[in-house]
There are 2 protein chains.
Amino acid sequence: MEASIEFLTKKLTNRDIRPSYQRIKVLEYLYRKGGHPTVDEIFRALSPDIPSLSKVTIYNTLHTFVEMGLVRAIDIDDTEMRYDITLSNHGHFLCEACGTIFNFEVNIDQIPIEGLNQFKITEKNVYFKGLCPNCLNQLSHRKKEQK
Amino acid sequence: MEASIEFLTKKLTNRDIRPSYQRIKVLEYLYRKGGHPTVDEIFRALSPDIPSLSKVTIYNTLHTFVEMGLVRAIDIDDTEMRYDITLSNHGHFLCEACGTIFNFEVNIDQIPIEGLNQFKITEKNVYFKGLCPNCLNQLSHRKKEQK
DNA sequence: GTTCCTGCAAAAGCTTTGCAGAAGA
DNA sequence: TCTTCTGCAAAGCTTTTGCAGGAAC
């Protein structure tokens, strides 16, 4: 995905976020790497390039990004929060064997619901859990070996 | 909701869970109170009746219940896990003002999705966030007062 | 008698807070 | 100059773990 300094800086200033070096680097990582990284993942990836970097800054940065609508916070993992640069409506699938989170298409606005007539909805989430194809394969191979 | 000792004991033994006093009390609370209590909520409610009760036991008990399919764990709150005795398919709505969680009807199996053909799905969750009617009312009243 | 459960104490792990110095406008 | 940001240290919180005594079967 494109992630030039100019592109990243504009993304930030468009949302009234000062384009500090750390923020640009975090945003760059989110675009470059994609997926649904944790704070720790981002920290470990950027730390070598920015020796002075603190985890607190990652927390601060991501809070700002979420507040300003630049990224989505995903609370699917039991222990750590995850962050997603993809804003379009989609669901999340957590593989309980390998921990990977996959996106899948779901038209959230078309989900038929009942009982929320008087409610103001600001956020919709769909998340599934189970086993991804990779882990399913490995499991079936193991079973064969045991025979 | 009915919650006699016999009923609760049977619910436990049906799932191969030994009906200890603590477990019966926790299960009774879940049936009686309903809703989506946290560990701390349950602990504070039962502690007066069971002075020796430990929070660890609540954790242990709920883990067992979830593992044995007696209750559902809900990870909608950012900080604390919540537990739900209602097993039927339904969505959860978190009011970001008062923190209350509401159930709503959603036929999860009919949600049209794409991209999970090879996946084994074991759990489906739908949760929304926003403002409940009560909090919406209070907000509009405050605005009127400010005029 | 043997297995399982409870609860104390402590630890673990993620996240937040207070604050001083640095950077940016 | 004045506001904002960064990062260290410490604290806050929920949850987990180790272990010894007790309960259940």
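Order of the sequence lines fixes the chain letters, A, B, ..., with proteins taken first and strands second; residue numbering starts at 1 for each chain. All values reported here derive from a predicted model rather than from experimental measurement.
OP1 and OP2 of D:dA23 both lie 4.0 Å or more from every side-chain N or O belonging to B:Gln22. Between A:His63 and C:dT15, a side-chain N or O to OP1/OP2 separation shorter than 4.0 Å is absent. One finds a side-chain N or O of A:Ser52 lying less than 4.0 angstrom from the OP1 or OP2 phosphate oxygen of D:dG7. Applying the 4.0 Å criterion to OP1 and OP2 of C:dG13, one finds that A:Thr79 has every side-chain N and O outside that range.
Distance CD1 (B:Ile42) to P (D:dT14): 14 Å, rounded to an integer number of Å. Rounded to whole Å, the distance from OH on A:Tyr21 to C1' on C:dA22 is 16 Å. Between A:Lys55 atom NZ and C:dT16 atom P the separation is 13 Å, expressed in whole Å. For the pair A:Leu12 CG and C:dG24 C1', the computed distance is 14 Å after rounding to whole Å. Rounded to whole angstrom, the span from the CZ atom of A:Arg18 across to the C1' atom of D:dT6 amounts to 12 Å. Atom OH in A:Tyr59 sits about 13 Å away from atom C1' in D:dG12, given to the nearest Å. If you measure from atom CG of B:Asp40 to atom C1' of D:dG12, you get 14 Å, rounded to the nearest angstrom. Rounded to whole angstrom, the span from the CG atom of B:Asn60 across to the P atom of D:dT15 amounts to 13 Å.
Side chain of B:Arg23, nearest nucleotide from C:dA9, D:dG7, C:dC5: C:dC5. Comparing atom distances between the B:Pro19 side chain and each of D:dC25, D:dC5, C:dT6 picks out D:dC25 as nearest. Listed nucleotides C:dT15, D:dT14, D:dG7 differ in distance to A:Val39; the shortest reach to its side chain belongs to C:dT15.
Here B:Ser20 lies in heavy-atom contact (under 4.0 Å) with sugar-phosphate atoms only. Here B:Thr38 lies out of heavy-atom contact (under 4.0 Å) with every strand.
Between A:Asp75 and A:Arg82, none of the side-chain N atoms (NZ, or NE/NH1/NH2) sits under 4.0 Å from a carboxylate O, so this pair counts as no salt bridge.
Using modelled atom types, one side-chain atom of B:Thr13 and one backbone atom of B:Lys10 make a donor-acceptor pair closer than 3.5 Å. Side-chain atoms of B:Ser54 come within 3.5 Å of backbone atoms of B:Val56 as a donor-acceptor pair (strictly under, hydrogens ignored). No side-chain donor-acceptor contact under 3.5 Å links A:Arg72 to the backbone of A:Val66.
Between A:Thr61 and B:Val56, the residue anchored closer to the 5' end of DNA chain D is A:Thr61, taking for each the nucleotide with the nearest heavy atom.
Residue A:Gln118 places its CD atom among 12 or fewer non-hydrogen atoms of other residues, nucleotides or ligands, all under 6.0 Å distant.
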